[in-house]
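Okay, so here's the structure we're looking at.
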Amino acid sequence: MRRYLFRNDYSFGAHPKVLAALAETNLEGNAGYGDDPYCGRAQDLIRDLCQCPQAKVEFLIGGTQTNFTAIAAFLRPWEGVIAAESSHINGHESGAVEATGHKILPLPTGPDGKLTPEQLLPLLERHKDVHLVKPRLVEIADATESGMVYTKAELTALSRLCRDNGLLLFLDGARLGSALASPASDLTLPDLARLTDAFTIGGTKNGALLGEALVITDPALQPDFFRIKKQRGAVLAKGWLLGAQFEALLKDGLYFEMARHANAMAARLQAGLKALGWTLWVDSPTNQVFAVVDAAAKARLDAICAYEEWCPAQEPGHTVIRLVTCFATAPEDVDGLLAALR
């Protein structure tokens, strides 16, 4: 019996165009540590796409590494991070941010995983006490851990609150391609550059072998970033391997082409599960699909599909499971799984 792979969006290597770009660099001989033409062109390309010529673009290896390195660079020792309780930095990074000496101040959210200005205000008032950690940075993700996306109005409101209260706004874009390519999103890269102080463009989860691009738009946060990146083990000696990938991903729109495909496959899967009578935990507009299953349905999935158990459902004996699509997901994969479940 065939086994279908929907566990995550990094189960496969890289898009063939990305592999071809890497192969072309193989025996060229390039300067190390990002001081190469590939990184230079990719950085210029990202600045152009973001319409932000003053941005500093740094390439790092993985998402967790990027998050804790950026946060450690941006904050003073007594400052902390406001984040959703369900955020990746709070629930999936083994205390990486805390290990840099910065406390996470988690806020509960609904299933959408999104923060609102109204949620932040009571915490800011409470932490005026000088005996408490000073909130200095708000971390959000687009898409969120439950696959939901911020609208321009929502991000604008958060940005305004942060600037009115002396807070930095940092957006984790591990799945940014899927978020921006979603029909539920009206945000663009220039919007992110204008409304945040720093954000990431994730490669690992959208067709790269590895790598994340950190875009630092606030000039005050840019000096000496390479030094802390080096200190935290986040500098790849063969840095052109990151630059070549991002150039291949972004120069002809491949990045968003793959994201739109992944979203379309997730929408196809989500619609098919609904047609089978399955209950969805959230109605996700991106490449993550969440379903509520009982023990019998879960046993059927276990036999034919790689997926992830997400959290207990409210209904006794039920579990929320996650199915994720990516650039390599074919319509036949979706239809085959649905037929097997039918």
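Keep in mind it's a predicted model, so treat the numbers as computed, not measured. Keep in mind that the numbers below use all heavy atoms, side chains included, and drop hydrogens, waters and symmetry copies.
- Residue pairs meeting the side chain to side chain donor-acceptor pair (under 3.5 Å) criterion with at least one member in residues 317-328, sequence neighbours excluded, are Q288-R322, E308-R322.
- For Q314, the side-chain hydrogen bond (donor to acceptor under 3.5 Å, both in side chains) criterion is met by no residue, not counting sequence neighbours.
- Considering only residues two or more places apart in sequence or on other chains, P183 meets the side chain to side chain contact (heavy atoms under 4.5 Å, CB included) condition with none of them.
- Between F199 and F170, the distance from one ring center to the other does not fall under 6.0 angstrom.
- Legend: side chain to side chain donor-acceptor pair (under 3.5 Å) pairs involving residues 253-276, not counting sequence neighbours, sorted by first then second residue: S178-N263, R268-D335, Q270-D283, K274-D283.
- Each of L192, L176, T66 was compared with T200 under the side-chain contact (heavy atoms from CB on, under 4.5 Å) criterion, and only T66 meets it.
- E145 and H88 form no side-chain donor-acceptor contact under 3.5 Å, judged by distance and modelled atom types alone.
- Side chain to side chain, T204 and E212 meet the donor-acceptor criterion of an N or O pair below 3.5 Å.
- Aromatic ring centroids of W281 and F290 lie under 6.0 Å apart.
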Return a table of donor-acceptor pairs under 3.5 angstrom between the side chains of residues 214-226 and protein atoms on other chains or two or more places apart.
| from | atom 1 | to | atom 2 | distance (Å) |
| --- | --- | --- | --- | --- |
| T217 | OG1 | T196 | O | 2.8 |
| T217 | OG1 | D197 | O | 3.0 |
| D218 | OD1 | A220 | N | 2.9 |
| Q222 | NE2 | Q54 | O | 3.0 |
| Q222 | NE2 | I216 | O | 3.0 |
| D224 | OD1 | R227 | NH1 | 2.6 |

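- The heavy-atom pair separating G243 from A42 by the smallest distance is O-CB, 3.6 Å.
- Each of E28, Q245, E247 was scored for a side-chain hydrogen bond (donor to acceptor under 3.5 Å, both in side chains) with Y38, with one residue passing: E28.
- Residues that satisfy the salt bridge (charged side-chain N to carboxylate O under 4.0 Å, His left out) test with D172, not counting sequence neighbours, are absent from this structure.
- Side chain to side chain, D191 and T188 meet the donor-acceptor criterion of an N or O pair below 3.5 Å.
- Checking side-chain atoms of E79 against main-chain N and O of R76 turns up a donor-acceptor pair under 3.5 Å.
- A donor-acceptor pair under 3.5 Å links the side-chain atoms of K229 to the main chain of F59, judged by distance alone.
- Not a single donor-acceptor pair under 3.5 Å links the side chain of E139 to the backbone N or O of A83.
- H15 and F327 have tilted rings, their planes meeting at an angle from 30° to 60° on a 0 to 90° scale.
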